[in-house]
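Take a look at the structure set out below.
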Amino acid sequence: MVPKQYRQLRKVLVDWYQHNQRNLPWRQTRDPYKIWISEVMLQQTQVNTVIPYYQRFLAGFPDIHDLAESGLQNVLKMWEGLGYYSRARNLHKTANIVVNDHAGVIPDSLTEIKKLPGVGDYIAAAVLSIAYNIPQPVVDGNVKRVFSRLFCIDAPVNDSKSHTVFKEKSHELMDPTMPAAYNQALMELGALVCKPQNPHCPDCPLQSHCLAYKDDKIKEYPRRIKTKPIPKYAIAVGVVMKKGKVLITRRKDEGLLGGLWEFPGGRISPSESPETTCLRILKTKVNLTVGAGTFVTRIKHAYTHFKITVDVFTCRYKAGRVKLNGPVDFRWIHLDEIEAYPLHKANHKFIPALRKIMKSSA
DNA sequence: AAGCCGGGGAT
DNA sequence: ATCCCAGGCTT
């Protein structure tokens, strides 16, 4: 370790940031609440996707008390389409904890902030450094990639076993004098210059410090381990129609897409037709007997660990009272009312086709 | 340590 | 159509 070199590296990096940083909404504030919201949204999610969500979320919940007092369904509605919905559930839980146990102020100690649901190593360090200017190093995907190239680190960036390697390096390099600017500079460099593909090495302020660049090994870093191929499933969804209304159900709060609303559906078994699946699912999940389905559309959707194709059918209600087996709530609604409910992306993808069909058959 | 949890963008 | 990106929680 050569502290003097590190001091020079930090200075060059922060200088670069001050001249090249993007003008992003969450950089107009040091309010810990707003910084926290932005960092949770930015987790696994790209800047351009986050910007409109950030604006709407803060317009709807201007401070942490507004968020705490809101119902979870309103929070999910605001989060709709952003994915990883446990982030929204944890945001709501944490807001209540902060209001009840911390007088509405997000804690400025590492041990306290990390106790909050949804706050791990990264969010803790990001909020402490950016909002409170406390020297806690952040280690996100950008930082791992930058370090990987800067020091030719052979530990794969996408292997959980590697985390300690990057964590240690981040502590060594941390700038104790201007943590907020330094951390953001490091991540901004990863986003704008030291990009995953085609890094702009000629524009890099750290070029003279970069071991991978020096040895012409930029293409070899970061190292990563292979991920396994993901399975594909076929899903059938049934839109039950009864007196001009349709049936939607709510998923349980835990697990995939927890708390969100959807039209009932399920996996198509081998040797089963989509139409048959549709009837079976409606019988077992909501206890309804329906007429043969009319095909509406097929959409495709990709999750983290599998891909699906969804065949959508409209079915005329015949008999039965809704009894839930799986879902935790249901509503009979006019299709026009659907916007009031938080739906996941796969359902949103077929709603335009559904509207068209229902309008023409009405 | 491994698996679960969305969605969007680049190619 | 295929690959890439990626932090926190649970088990």
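All chains are named by letter (A, B, ...) in the order of the sequence lines, taking the proteins before the strands, and each is independently numbered beginning at 1.
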Reading DNA chain B from 5' onward, which residue's closest nucleotide shows up sooner: A:D159 or A:N48?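 Nearest nucleotide further toward 5': that of A:D159.
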More than 12 heavy atoms of other groups within 6.0 Å of A:R30 CZ: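 Counting other residues, nucleotides and ligands, CZ of A:R30 exceeds 12 neighbours.
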Should the heavy atoms of other residues, nucleotides or ligands under 6.0 Å from CZ of A:R321 be counted, would the total exceed 12?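 No, CZ of A:R321 has 12 or fewer neighbouring heavy atoms, counting only those of other groups under 6.0 Å.
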Side-chain N or O of [X] versus OP1/OP2 of [N]: is the shortest distance under 4.0 Å?
{"X": "A:K195", "N": "C:dC4", "result": "no"}
{"X": "A:K161", "N": "B:dA2", "result": "yes"}
{"X": "A:H301", "N": "B:dG7", "result": "yes"}
{"X": "A:N198", "N": "B:dT11", "result": "yes"}
{"X": "A:R224", "N": "C:dC5", "result": "yes"}
{"X": "A:Y85", "N": "B:dG7", "result": "yes"}
{"X": "A:K228", "N": "B:dG3", "result": "yes"}

Honestly, is A:R149 close enough over A:Y221, meaning NZ or CZ under 6.0 Å from the six-membered ring centre and within 45° of the axis?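 Judged by the rule, A:R149 and A:Y221 form no cation-pi pair.
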Could you tell me whether A:K34 sits above the aromatic face of A:W26, with NZ or CZ closer than 6.0 angstrom to the six-membered ring centre and within 45 degrees of the axis?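 No cation-pi geometry.
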Euclidean distance, atom [atom1] of residue [X] to atom [atom2] of [N] [Å, nearest integer]:
{"X": "A:L116", "N": "C:dC9", "atom1": "CG", "atom2": "P", "answer": "10 Å"}
{"X": "A:F166", "N": "C:dA6", "atom1": "CZ", "atom2": "C1'", "answer": "13 Å"}
{"X": "A:H305", "N": "C:dC9", "atom1": "NE2", "atom2": "C1'", "answer": "12 Å"}
{"X": "A:I230", "N": "B:dG6", "atom1": "CD1", "atom2": "C1'", "answer": "12 Å"}
{"X": "A:H163", "N": "C:dG7", "atom1": "NE2", "atom2": "C1'", "answer": "9 Å"}
{"X": "A:N158", "N": "C:dG7", "atom1": "CG", "atom2": "P", "answer": "11 Å"}
{"X": "A:K232", "N": "C:dC3", "atom1": "NZ", "atom2": "C1'", "answer": "13 Å"}

Give A:V119 one of three labels, base, sugar-phosphate or nothing, depending on what nucleic acid heavy atoms sit under 4.0 Å from its own.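 Since only primed, P, OP1 and OP2 atoms lie under 4.0 Å of A:V119, the category is sugar-phosphate.
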Relative to each other, are the rings of A:F147 and A:F151 parallel, tilted or perpendicular (30° and 60° limits)?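 If you compare the ring of A:F147 with that of A:F151, the planes turn out perpendicular.
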Does A:E172 come within less than 4.0 Å of A:R10, counting only side-chain N to carboxylate O?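 Judged by the 4.0 Å cut-off on N to carboxylate O distance, A:E172 and A:R10 do not form a salt bridge.
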Basic-acidic side-chain contact under 4.0 Å: A:R27, A:E188: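 Yes, charged N to carboxylate O under 4.0 Å.
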Sub-4.0 Å heavy-atom contacts from residues 86-99 of chain A onto DNA chain C, ordered by number: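 Here the set is empty: none.
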What interatomic distance, in whole Å, is found between [atom1] of [M] and the corresponding atom of [N]?
{"N": "C:dC5", "M": "B:dC5", "atom1": "P", "answer": "23 Å"}
{"N": "C:dA6", "M": "B:dA2", "atom1": "C1'", "answer": "16 Å"}
{"N": "B:dG6", "M": "C:dC4", "atom1": "C1'", "answer": "15 Å"}

Candidate nucleotides B:dG6, B:dG8, C:dG8, ranked by approach to the side chain of A:Q46 - the nearest: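 Selected nucleotide: B:dG8.
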To check you understand the geometry: which heavy-atom pair defines the closest contact between A:N183 and A:A125, and what is its length?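 Looking at all heavy atoms of both residues, the closest pair is ND2-O, 4.4 Å.
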